[in-house]
Engineer: 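Dropping a structure here in structure tokens format, bear with me for questions.
Reckoned from all heavy atoms, side chains included, excluding hydrogens, waters and symmetry mates. Throughout, a chain's letter reflects where its sequence line sits, starting with A, and its residues are numbered from 1.
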There are 4 protein chains.
Amino acid sequence: MPAEPSGATSAAPRPRVRAPQSRRAELLDAAERLFLQKGVAQTSVDDITTAALVSKGTFYLYFSSREELLGALRERFVLGFCQRVDAAVGRRAASGEKGWNARLRAWFTAMLDGLMDQVMLHDMLFHDPHPASRELMKDNPIIVQLEALLEAGAASGAWRVADSHAMAIMMFHSMHGLADDAIARGVTTQRARIVRRLADTFAAALRPC
Amino acid sequence: MPAEPSGATSAAPRPRVRAPQSRRAELLDAAERLFLQKGVAQTSVDDITTAALVSKGTFYLYFSSREELLGALRERFVLGFCQRVDAAVGRRAASGEKGWNARLRAWFTAMLDGLMDQVMLHDMLFHDPHPASRELMKDNPIIVQLEALLEAGAASGAWRVADSHAMAIMMFHSMHGLADDAIARGVTTQRARIVRRLADTFAAALRPC
Amino acid sequence: MPAEPSGATSAAPRPRVRAPQSRRAELLDAAERLFLQKGVAQTSVDDITTAALVSKGTFYLYFSSREELLGALRERFVLGFCQRVDAAVGRRAASGEKGWNARLRAWFTAMLDGLMDQVMLHDMLFHDPHPASRELMKDNPIIVQLEALLEAGAASGAWRVADSHAMAIMMFHSMHGLADDAIARGVTTQRARIVRRLADTFAAALRPC
Amino acid sequence: MPAEPSGATSAAPRPRVRAPQSRRAELLDAAERLFLQKGVAQTSVDDITTAALVSKGTFYLYFSSREELLGALRERFVLGFCQRVDAAVGRRAASGEKGWNARLRAWFTAMLDGLMDQVMLHDMLFHDPHPASRELMKDNPIIVQLEALLEAGAASGAWRVADSHAMAIMMFHSMHGLADDAIARGVTTQRARIVRRLADTFAAALRPC
DNA sequence: TATGAATGAGCATTCATTCAT
DNA sequence: CATGAATGAATGCTCATTCAT
């Protein structure tokens with residue numbers, strides 16, 4: 001039952017201690033790549049460790065289960081996505097653009113960029129709808145930030161917003177839907193057009209009067 | 001679980017030839033029920049046949065694989081959904097309501113009803129994004145019908161629609177997002193409110209001039 | 001993740017439905033043989049199914065786990081052992097032998113036979129001391145029967161027995177110890193001698209006055 | 001469990017060179033404790049080294065394999081047990097008690113004490129009967145000493161012993177059986193009673209004439 | 001048509017052991 | 001002496017699919 005070290009004629013003992021500290025990230029990267037290529041359910045722990053050039057046992061040194069790896073990947077995605085959007089919005093704001101609709105456009109642009117570069121990944125990761133994956137949306141930081149933007153615009157009198165939460169959700173999902181559609185059509189280059197549609201539509205919807 | 005080797009005088013009253021041709025539908029129903037209860041991945045062919053009071057072999061008489069059953073379930077869902085929406089919209093139209101915005105509201109109401117009654121099922125079925133599940137959206141009949149409505153309204157001069165396809169997608173996903181959010185919050189009774197938000201928002205977005 | 005039936009060039013499909021109903025017993029037999037040969041811990045489910053000329057999946061058709069197989073083996077052992085002893089004692093009794101000491105000798109003979117033919121098996125099976133394996137002894141039917149014999153002899157005035165339970169235990173374990181010793185020495189042919197020692201010793205211990 | 005990749009400035013106060021030479025005993029102790037608590041098979045080398053506050057590698061500095069550790073534990077047990085019994089018997093002898101039956105009682109008392117304090121440990125250690133664990137009994141020093149006692153008593157004419165080896169075995173296992181039974185019943189306080197049963201029984205069995 | 005016993009590849013996870021540092 | 005990251009063979013169990021009846 002022990003290891004019985006690879007029987008008599010064991011081949012070369014493989015290099016030990018390759019990189020210094022990267023192991024965990026390497027496994028995360030390999031898993032992400034494979035999940036994207038073959039699907040989550042179709043990717044085994046073995047596939048992952050093979051791709052990461054690491055032994056199977058090593059996997060369990062860094063993750064206590066396959067499921068934990070998925071969790072880590074989700075966390076990494078959300079973090080990365082928020083950072084991208086924040087950074088992009090911040091950049092625009094800094095570049096002197098002004099006006100609420102301009103800000104909204106900045107938002108759509110940043111999010112669309114963030115999303116379209118990673119929709120596949122997003123879908124992959126947030127898919128088993130049985131546990132509370134839908135719950136995540138309830139406190140989705142993106143939605144929360146969007147609500148804040150809407151309320152600020154409303155407070156300034158620039159927009160009329162009856163229900164900022166519902167509006168934020170419509171915006172987010174409109175964008176998500178357009179991104180998905182573009183990807184399904186294989187058209188991933190028309191981002192400007194999509195942003196224009198979003199901005200026009202919601203600017204009209206927010207117009208006071 | 002064991003064999004209980006057909007104990008000599010097995011006087012089991014095996015119910016032969018239950019229904020005449022319904023077998024396929026029974027399997028579909030049993031699968032749908034179980035998928036909803038336990039999740040797609042967690043439901044085995046055995047679970048399904050057991051629930052359908054049918055032997056395992058019978059399953060493969062009606063479906064060439066587990067995957068095909070899933071496909072059939074998806075198809076059945078889309079068909080049923082379209083019929084519900086059509087019927088509901090038709091009913092409203094017949095009831096004498098008029099005006100484009102009223103029609104739009106009828107749409108939102110019908111779809112939201114159709115969706116909220118079955119979001120779980122929808123999510124369940126359209127979740128493994130790897131095969132061409134996203135592709136389905138490309139020619140989603142719902143979207144197509146919505147586009148037609150938008151174009152008709154635009155042609156009549158009631159609405160201004162720069163890109164009916166994009167607009168239809170935004171509408172559909174806005175509604176989907178609001179439905180998901182309501183479900184995540186456990187609030188499934190505020191459909192009128194949701195419809196109002198959608199109708200107001202998109203009426204504004206479509207307002208000419 | 002499915003079976004993907006042994007890829008394209010699948011070899012011969014193996015004979016199906018070999019014996020009619022024996023499967024469970026075949027697995028039990030194969031397991032017993034291997035446990036005896038290599039030890040319980042060193043025998044895998046795979047070893048067992050291979051020895052039983054059955055596929056791995058078949059194992060789980062008849063046993064819900066490896067542990068259950070062990071339980072079934074234990075049960076089978078106890079049943080068989082009791083039957084052997086009962087039969088042998090009955091035979092002697094029928095053959096007209098009489099006297100309490102003769103009965104006791106009959107007991108020792110029957111049990112020693114039963115045990116020495118299967119000590120290895122017994123030890124193998126009743127070894128993981130962590131669950132209540134020791135508990136089994138508490139209500140061991142063999143001990144119970146022995147107690148009854150002792151009490152009957154005492155009631156008839158033939159023996160003096162201060163504590164029939166303790167005495168039965170001493171007898172049983174004395175015999176077990178002698179059997180083990182004989183086996184350890186590789187001397188399994190001296191059963192008569194062992195029975196004589198047991199009978200003499202305990203006859204003396206039971207002598208009234 | 002993860003790597004926590006030696007976080008740059010790892011200022012962990014690694015306790016170096018704790019005890020001087022005790023390492024081996026600490027491992028033995030930790031293993032014994034864990035084996036008792038969770039069972040031999042359920043205790044991994046890792047559990048042991050963790051409990052001994054020692055790294056995994058260190059284990060193999062003191063033991064060439066897990067199996068060797070088990071052997072060392074067995075040896076330690078037997079040695080300790082013999083010493084206890086010897087000491088106890090010596091004490092009684094020194095205290096002026098005399099008579100062969102008194103000596104025999106002293107023996108039973110000492111062994112029962114020794115055993116009942118450590119049955120769990122004994123069982124744990126001597127359980128996988130596959131290697132020559134049964135063989136140990138062949139030259140078990142306890143049995144040997146008991147034989148010597150019996151022969152001395154016989155030589156003095158105090159006892160009649162036809163087969164001292166067999167008698168020693170019966171005594172040892174009778175006692176073992178009673179101890180197990182007492183433990184199984186949760187009655188560990190009736191040692192005096194058990195000793196009386198043993199002494200009475202075997203005194204009668206050894207009575208000359 | 002219908003059955004269900006049989007199949008076997010596949011999977012997640014464990015753990016004794018090694019060895020570069 | 002001591003460490004602990006890395007290894008990889010081995011294990012128990014699942015399940016989609018087949019096929020003799």
Engineer: If I take atom CG in residue A:L27 and atom C1' in nucleotide F:dA5, what distance separates them, rounded to the nearest angstrom?
Structural biologist: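 Checked: the CG to C1' distance equals 13 Å.
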Engineer: Of C:V45 and D:G57, whose closest DNA chain F nucleotide lies nearer the 5' terminus?
Structural biologist: D:G57
Engineer: My understanding is that only residues two or more places apart in sequence, or in another chain, count here; which of them pass side-chain contact (heavy atoms from CB on, under 4.5 Å) with A:D29?
Structural biologist: A:R33, A:R76
Engineer: Nearest whole Å is fine: how far is E:dT14 C1' from D:Q42 CD?
Structural biologist: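 The distance from CD of D:Q42 to C1' of E:dT14 comes to 13 Å, rounded to the nearest Å.
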Engineer: Checking D:E68 now: which residues fulfil side-chain contact (heavy atoms from CB on, under 4.5 Å) with it, not counting sequence neighbours?
Structural biologist: D:R24, D:F63, D:S64, D:S65
Engineer: Paired stems touching DNA chain F, three or more consecutive Watson-Crick or G-U pairs with both distances under 3.5 Å?
Structural biologist: E:2-21 with F:2-21
Engineer: Looking at D:L69 and D:I48, what are the two nearest heavy atoms and their distance?
Structural biologist: CD1-CD1, 4.3 Å
Engineer: Would you say A:R23 reaches F:dA6's phosphate, i.e. side-chain N/O to OP1/OP2 under 4.0 Å?
Structural biologist: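 A:R23 to F:dA6 OP1/OP2: side-chain N or O found under 4.0 Å.
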Engineer: Locate the shortest heavy-atom distance separating C:V40 from C:L70; write the atom from each residue and the value.
Structural biologist: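 Residues C:V40 and C:L70, closest heavy atoms: CG1-CD1, 3.9 Å.
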Engineer: D:D47 has an atom CG; how far is it from atom C1' of E:dT14, in whole Å?
Structural biologist: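 That distance rounds to 11 Å.
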Engineer: So, using side-chain hydrogen bond (donor to acceptor under 3.5 Å, both in side chains) as the criterion, who are the partners of B:T58 when residues are at least two apart?
Structural biologist: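 Testing B:T58 for side-chain hydrogen bond (donor to acceptor under 3.5 Å, both in side chains), a comparison that skips the adjacent residues, returns B:S55.
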Engineer: Closest heavy-atom contact between D:R66 and D:T43?
Structural biologist: NH2-O, 2.9 Å
Engineer: Quick check on DNA chain E: between D:R66 and C:F59, whose nearest nucleotide comes earlier from the 5' end?
Structural biologist: C:F59
Engineer: Quick one: D:Y60 OH to F:dG4 C1', roughly how many Å, whole number?
Structural biologist: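 The distance from OH of D:Y60 to C1' of F:dG4 comes to 13 Å, rounded to the nearest Å.
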Engineer: Rounding to an integer number of Å, can you tell me how far C:I48 CD1 sits from F:dA10 P?
Structural biologist: 17 Å
Engineer: Assess whether one donor atom and one acceptor atom, taken from the side chain of B:K56 and the base of F:dT17, lie less than 3.5 Å apart.
Structural biologist: yes
Engineer: Whole-Å distance between F:dT17 C1' and B:Y62 OH?
Structural biologist: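 Interatomic distance, OH of B:Y62 to C1' of F:dT17: 18 Å.
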Engineer: In whole Å, I'd like the distance from the CG atom of B:L61 to the P atom of E:dT3.
Structural biologist: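 Distance check: B:L61 CG to E:dT3 P gives 9 Å.
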Engineer: Show every salt bridge (Lys or Arg N to Asp or Glu O under 4.0 Å) that has at least one partner inside residues 49-60 of chain C, sequence neighbours left out.
Structural biologist: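 Residue pairs passing salt bridge (Lys or Arg N to Asp or Glu O under 4.0 Å), neighbours aside: C:D46-C:K56.
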Engineer: Looking at the side chain of D:S44, which of E:dC15, F:dC15, F:dA2 is the nearest nucleotide?
Structural biologist: E:dC15
Engineer: Using a cut-off of strictly less than 4.0 Å, decide whether A:T58 has a side-chain nitrogen or oxygen near OP1 or OP2 of F:dA6.
Structural biologist: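 Answer no for this pair, as no side-chain N or O of A:T58 is under 4.0 Å from OP1 or OP2.
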Engineer: Roughly, in whole Å, what's the span from CG in D:D46 to P in F:dA6?
Structural biologist: 15 Å
Engineer: If the cut-off is 4.0 Å, is D:S55 near the phosphate of F:dT3, judged by side-chain N/O to OP1 or OP2?
Structural biologist: yes
